[in-house]
Structure formats: structure tokens, C-alpha cells
Amino acid sequence: MLRLIARRFGLMMLIMFVVTLLLFLANEADPLRVARSVLGPYAQPEQLDLWIQQNGYDRSLAIRYLDWIGRLLVGDLGQSVIYKRPVGEIFWTRLANTGILAGITFVIMVLLALVLGVLAGMAEGSPRDRFISVLSIATTSVPEYASAVILMAIFVFWLGWLPGTSSMMAGFSWIEMVLPVSVLVLYGFGYIARMTRASMAEVMTTHYIRTAVLKGLPYKHIILKHALRNALIAPFTVIMLQINWLLSGVVVTEYAFGYKGFGALLLEAALRRDIYVIEACGVAAVFVAVFTQTLGDLGYTYLNPRIRFK
Amino acid sequence: MSEKKILSREKRYLLPSERALGAETHAYLPELCDQLQQNKIGRRDFLRQACLLGMTATTAYAMADVLTGQSPTPVRSALAATPKGGGTIKVSMRVQRMDDPATYDWTEMSNQTRHILEYVTRTRSDNVTVPYLAKSWEASDDLKTWVFHLQDGVKWSNGDEFTSEDVAAAVTRWLDPATGSSNLGLFDAMVEEYDTGKMKDGKKVMGKRGIAGAIEVVDKHTIKFNLKKAALAMPENFYNYPTAITHRGFGKDYAADLSKNPIGTHAYEMTSFGVGERCILKRARDWWGGPLYLDEIHYYDHGEDTNAWVAAMASNQVDMIFRVPNDAVETLKRLPHVVLHEASTAQTAVMRFRVSEKPFDNKKLRQAVAACMDHEEILKVAFRGLGQVAENHHVWQGHPEYAKLPPLKRDVDKAKKLLAEAGYANGVDLTIAVGDTDGAWMTSACSVFKQQCAPAGINVNINKMPANQYWEIWDKAPWGYTTWTHRALGTMVLSLGYRAGVPWNESNYNNPDFDKALDVAEATLDVEERRKKVAVCEQLLQDDAVIPQPFWRSVYKATNKKVHGFKTHPTLYHQFEQVWMEG
């Protein structure tokens, strides 16, 4: 098991190295482009040359890459072109904001998906199963940008019940969380519910469940004690995948509701070529993706009794 | 009756009422009065010119009344309402950096500081430039010397007195190449080229800097500008977004960062600020310019998505949105608590050719492409008809010197003939770069034009790219669709964009006849005469087919019905001094 952990983390480091190299090459290979991004489209050639010299962009690519990695490791993420502040000052706040949105969404989405998935999988083919399956497929099929507009049209423009944006102008507000969380839950729960249903349905047909039923155990006891643990192994990986999606995949939702999160920061940086923010966000997003996948793999190995190391 | 009598130019004398109002301020004013009386110029042109020549706004409006017999003036009707003091206006607008106002490159930045810092002049929402920190000004007859008389009794928020030293320090900073201000190009008449002492590709690297002696402090409240050439638009140039007047110590005694050193002459002070989040201004003292009604001005950033701005307006989270996207006009019209404000403007986008690059160095080819354009159809389809048709010469119908040329009509046969003469009898493939820098309508406009070109054998490929990528190639792409903002005078934009060798000449147009005609136009104060000179420029741009230009855009703002006294500015500048909130 220790060897597996070491191997997984080794692979993780390799992926991170490749990703940082690609990010660096895409953003900083051409010093003139970097200078243009920082000084703006109207900067004169002599200003660009001066900036390149003053900021060490006349050094070789390899030296600059190592320098950048070194600064990254000690938490120096550079200076944002748009915000004119150290990237670190904005980055962590935005990451925390997305953490709040993702956390609330995650709890609601996973609970809802598991309950519905189990309810559907317990009685495969029943009207309840059909209803939950259709609902899950329908909500997952509607992309976030569409459901955001639909929910906004209903609850903001038509009924006037909810605020149209979630920028927390006057501090944190639960009511402003309703629409973005709803959009994310609607999009995300269906997939987990479907996976849980399939897994549950499979477990329910196994011999040991049949034996338990024939033994006369209470149905509730069979579901909670025997079926659920085994049924949750497959959805576990999917749930871990959702953490990654909730961090870097919420761009559309944050953008639609003006939520000041990590996704909106990344999008804005990309639109305005704020290269140091793009790099910081890129590294963070990939790290979370790789890390959660590693945890998912290790967790799956631990939960599944058929995989054991001697 | 006698006051309205039309007087001959030779025997022109000033009526007692005109004299009492100050018609002797400049030698050209009597001529201007004649032109208004004889309907040769419009009321708005008269107001603009009179203020430009140093007459106060109140006097100019009053004189226009006397000369035309019209009453009441817009000023009076605006003041006729009964404003209530107090309240907060909440505006949805991008909150951007607030460091050095001389380096601002977005209108939003200037709006954040517009109620902290002030300007020498002010262009009102009716496109007339009036006194502001300068109470009046005079220009020499050759328009090479400008004297500005500044307001007395204006104090900075740190207690210092506002003097001509402040204006001199600010203008000196703008003209210092180290500041990196776009004002260096704007005040070209005070700028010289110099040898930087560096070499590049075997050539000397030349730089630009302010001319020594161009700025002259006459006394505590008088400042003189000595220009190397005639400049008609000095007052207008002083109300550009990067021309806010900062304290004399800004960038010298303390860091050039307004968010850290918010010293201003206006009555508001910044209490909370975060880029991408919010900018909160509170009234901290009385305003030297008169009464103010709003206690607080709040700017909130709702991101890039224009739907979010509209949703914030719909759910009463804000009282105003900075700009209404054209696809949201109909939605906002249906909201009962919202008022839409429209302003016709000279904001536009031009499908400019880089005339020095193949294949667009072929004039016949350019003319063939331009002949395919149905301006009205593009306006209707791509921009829902919310603007005015343009005429391929970048002078707007609302500019005082606009000269009407024969209308342009789509002519596919002419285009085919020109294409054959250009050497492309079997058709041609062309690519236009578009970055949607101002919205998706830009790609739509290109798509419509693509259809219009097809029958002539011109196949237009649309190279769509992200906005930031377009700004990297806006002055390099052989053919591109670039947005241009509103400017008060037609000569201003012609000078910025089409004069040979200027930094923003994205088409690389180089026509000595054009430059000569523009020089003459810029040195002509008489609007009628200037119109004749500008007509030459317009015709040259049309004939040389430099910029197929489909339309001028109207801009819209939306406010809650409880907001009063607000007028949309053509460049979306915020002037909230007369704004008040109901309830």
C-alpha cells in the first residue's frame, strides 16, 4: 500500500511538472508578449524593451522557468496586471469564496444524489426508479449557462423572489447563494444519482443480499448495513471528481451571477491576459484535479475489499 | 425685434445685450452670433464654440436664447425640478485599478475618480464643453496660445489651495514619457520628438516629450499654454478620461497611487475600494461648485457578464447600470421600475484596411469591398437599428464640422467591375480579424457584411479571436474590425487615427493631401469654413476606401425611476452633481 501511495504521489509530481512547464511556455515563452500584456496595447516599443530588461525577461527560458518555479514554491505568485496587487492577495480570497460555494453545493448535491440514487436502485424498474432516472438525466442534460438563465428568468424577472446577482455587495448573504447553488446542484446531482442507482441496483441482485432477505433480516437493516457500503464504492470516485469540477468547473455559474470566486477570476484573467493570475489559477486547478484523483484512487483501493496488498 | 435683426458681416456691431453678456470675449464671437442668427450653425454648435472661446456656459446659453428667441434653455428646465438631498446611488460597473489617473485606459476607471478629482473643463452630455476648474479661457486668433483662468477658492481635501501650479504639475507629468500617459499623444501640440540616444535595427530610436516652455504659470490662478501649432480642441482635450487634475505633489512628494493617496478637489472621498469588487464614495465636505444631493456613490462590480448587470437592475440590487448591452434594451424596457436613457454618439467600429499591406495596398480592391456594403442592413441586423448609418469617413453627423456627402449605396456591379480592374476577375478570398472587443454584435456585423460581399465574388473569412488577442494585433492585422470611442470633434478622431505616422493610425494611411486638408481644418475656427475643409478629408477617406464603416452606435443607460437629474453622457462619463434620489 505504501508503495502504491509513493507511486501515485510520484506520478502526481510528474504531472505537475509537465503542467507547470506547459503553462509557463504558453504564457511566458515570448518576452515581448509578456511585456505587452503588462504594459497594455498602447505601450511604445522602447517602453516594452525597458520593461523586458528591468524584469529579467532577457534571460534564457530555462533560467526564467526555474526562477518562476522557485518563487511559486515560496508562495510568490507575482503581481496581477489587472488588479495591480500581488496575486496572492486576491487568489486566496477568491479560492475561499469558491470553497464556500462548492462546500454548500457539495453537501446538498451529494446528499440529494445518494438518497435519490439509493431510492431508485432499491427498486429497479419501478415507477419511482423511472421518475428519478428521468429527472436525473433531464437536469444533467441542461448546461449551467442555460439553467442559470432559466432560473433567473423565473425567480428574478418573473416572480421577483430572488436577487439577480450574487456578488455579496453588503457582505455574505444566504439568499444570494440560492441561485448559484441551485444551478450547480441541478447540473451535478444527476450524474452521482445515476451512478449510485446503477451501483445499488447491481448490489441488490447479489447473492448475499438475496441470502439476507431469505434469512428474514429487516429490509432497512439489509439496505443500511449490507447494500449501502458496497453500493457506495463506485460513486465514491465520481464524488471525488465532483470536487475538482466544483473548483474549476464553476466558471460559468460564477460568471452568470457575478459571484467573486476562483472560476470568475480565472475567466477574467484569461479574457484580459493577466498572465500571472492565469498561471496561479492554472497550477491550483491542476493541483486540485490531480490531488483529488489521487485521493480518489487511494480511497477506492481502501474501500474495495477485492483490492488488497500483502 | 431689433435684437433679432440680421446684421451684415461688414457692419457687425455688438448689441448692448450681447455686449453685456460678454460677446467681446473673443474676436470671433460676433461672427459666431451672426451664424446662429442666420441659421448657418445650430444652437448646439454655437454653445460649443462660444464656450470654447472662453464664454461661461450660463452666458452662452443666455446669449443663444437672445439670438434665437428660444426659451427656456435646457439648463433652466433641468434646474426647474425640485431636488432632494441625501441618499445613495448604487451603480453596477466594472471596478478597476485606481492608481495613476494619467494612465487610465478605461472610462470606468475615470468614473470611479470623477467625484474625487476634477477636470479643467467639462464636456456636458449635450457634447458642449464648458468651464469647470477653469472659470474661463481665451485663445489667440491663431489658436497657438491658450490662457486658462482658474477658479478661486477651490481647496484640496488635504487643505491646500488649488492653484495653477497644480495644473502645471499635472500637465508636466502627462507630457513626461516616463509617466506612460496617452495624454502625450492628445496634447501633441506641446510635444516634440527627441533622440533617445539608443539604436535599433541600425536606426536612431526617437522618443516624444513635452516642449520646454509650453506650460507657463502666469499667476496663482492663470496658466498659459504655448503651442507649436494651432490646436482647436484644447478645451475638449482637457476633459478626456486620463486628464483629471491631481494634486501638485502627486507622483512627486508621494506615490502616484490615488487609491492610497486620494487627495482631490471634489467633495467626495473614497471609503472602501477593491478592484473587481466595490468602490464606495462618501460626501465629506461642501462642494465649491454648488449644492450636491447624493450622500454616497457606490460602484459594484458584477463581472463581465452583461446579463448579471441586467439581473442586478431587475432585482433592485442597483439603481443604475454603467452600460446597457444592445440585446438587453427590450428586456429593460419591460421592467416597470426602470427608465432607459439613450444618447446618440460617435462611438463606432471601422472595418479598416491596412493600406500598406497586400492585398489591401490595391485601392481598386478596397473600393470593390466598400462598394458591397449596405450600411443600413448591417445596422438593423447586427445592432437592432440602435444607432445611425455611417459613411466610411469617421465623421459623425453630430460633429459640428460634419459635411454631408452624397449618400453611399450598395452597388454589386460596380464592385465586380472594380474587382476585375484590381486583377481579381475570378473573385478573391479575404480575411477580417474580429475580437468582439465591444460585444458579439461585432462578429454579427462581419457575418452580414460577408453575405453582402459574396455576390461580387468576394469571399470574406471571419477570423474570430478573443478580445485581448485582437488588441495585440489591432494595428497590425491586414484587415480588422476595430472599435473607436466618441470624441467631441470630427477633427480630433481624424487626427488621432488617419494622420500619417501617428501611433493610432491602424490603417497606416499616408496621404499628404489628407494631412494638409486636416491641418487647415484644425486651424479653422469658423465652423462653416471648417466644414468645407473637413469635406475634403471625408471625400479622400471615402475615395481611398480606407474604412468601410457600417454604423454609429447609440448608447443606453438604465436607471431606477427614483433616480432624478441624470443624463447619459456620450462617452458614459458620470456627472452626478445634479443627480438626486427620490424617497
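Throughout, protein chains are lettered first and strands after them, A, B, ... in sequence-line order, and every chain is numbered starting at 1.
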Review point. Near K260(B) NZ, under 6.0 Å, is it more than 12 heavy atoms from other residues, nucleotides or ligands?
Key: no
Point to revise | CH2/W92(A): more than 12 non-hydrogen atoms of other groups inside 6.0 Å | key: no
Review point. Is there a donor-acceptor pair under 3.5 Å between the side chain of K260(A) and the backbone N or O of G276(B)?
Key: yes
**Study point:** Under 4.5 Å from a heavy atom of chain B, the part of A256(A) involved
**Key:** both
**Study point:** Residue among A308(B), A178(B), S259(B) with most heavy-atom pairs under 4.5 Å to chain A
**Key:** A308(B)
**Study point:** Within 6.0 Å of NZ in K90(B), more than 12 heavy atoms from elsewhere
**Key:** no
Point to revise | Max heavy-atom pair count under 4.5 Å with chain A, selected residue of Q317(B), R334(B), R97(B) | key: Q317(B)
Practice item. Decide yes or no for M169(A) and H302(B): does some side-chain heavy atom of the first lie under 4.5 Å from some side-chain heavy atom of the second? Key: yes
Check your understanding: Does some side-chain heavy atom of F157(A) sit less than 4.5 Å from a side-chain heavy atom of V310(B)?
Key -> yes
Exercise for review: Could you tell me which portion of E176(A) (side chain, backbone, both or neither) has an atom closer than 4.5 angstrom to a non-hydrogen atom of chain B?
Suggested key: side chain
Revision key, fill the gap. So, the part of A270(A) with a heavy atom under 4.5 Å from chain B: the answer is backbone
Point to revise | Residue among L265(A), L50(A), T165(A) with most heavy-atom pairs under 4.5 Å to chain B | key: T165(A)
**Study point:** Contact class of D257(B) relative to chain A, heavy atoms under 4.5 angstrom
**Key:** neither
**Study point:** Heavy-atom contact with chain A under 4.5 Å, split by part of S92(B)
**Key:** neither
Practice item. Give the intermediate values and the outcome of side-chain contact (heavy atoms from CB on, under 4.5 Å) for residues E304(B) and L267(A). Key: CA-CA 9 Å; E304(B) 294 275 353; L267(A) 179 72; 5.7 Å; no
Check your understanding: So, S315(B) side chain and P163(A) main chain: donor-acceptor pair closer than 3.5 Å or not?
Key -> no
**Study point:** Contact leader toward chain A among D305(B), T306(B), V275(B), where contacts are heavy-atom pairs under 4.5 Å
**Key:** D305(B)
Review point. If you draw a 6.0 Å radius around OH in Y145(A), do more than 12 non-hydrogen atoms from other residues or ligands fall strictly inside?
Key: no
Check your understanding: Which answer fits Q96(B), side chain, backbone, both or neither, if we ask what part of it has an atom under 4.5 Å from a heavy atom of chain A?
Key -> side chain
Practice item. Give the minimum heavy-atom separation between M152(A) and A311(B), together with the two atoms involved. Key: SD-CB, 3.7 Å
Exercise for review: Flag yes if more than 12 heavy atoms outside F273(B) fall under 6.0 Å of its CZ atom; otherwise flag no.
Suggested key: yes
Practice item. Tell me, with the steps shown, if E472(B) and R33(A) meet salt bridge (charged side-chain N to carboxylate O under 4.0 Å, His left out). Key: CA-CA 8 Å; E472(B) 287 176 17; R33(A) 232 174 135 215; 3.2 Å; yes
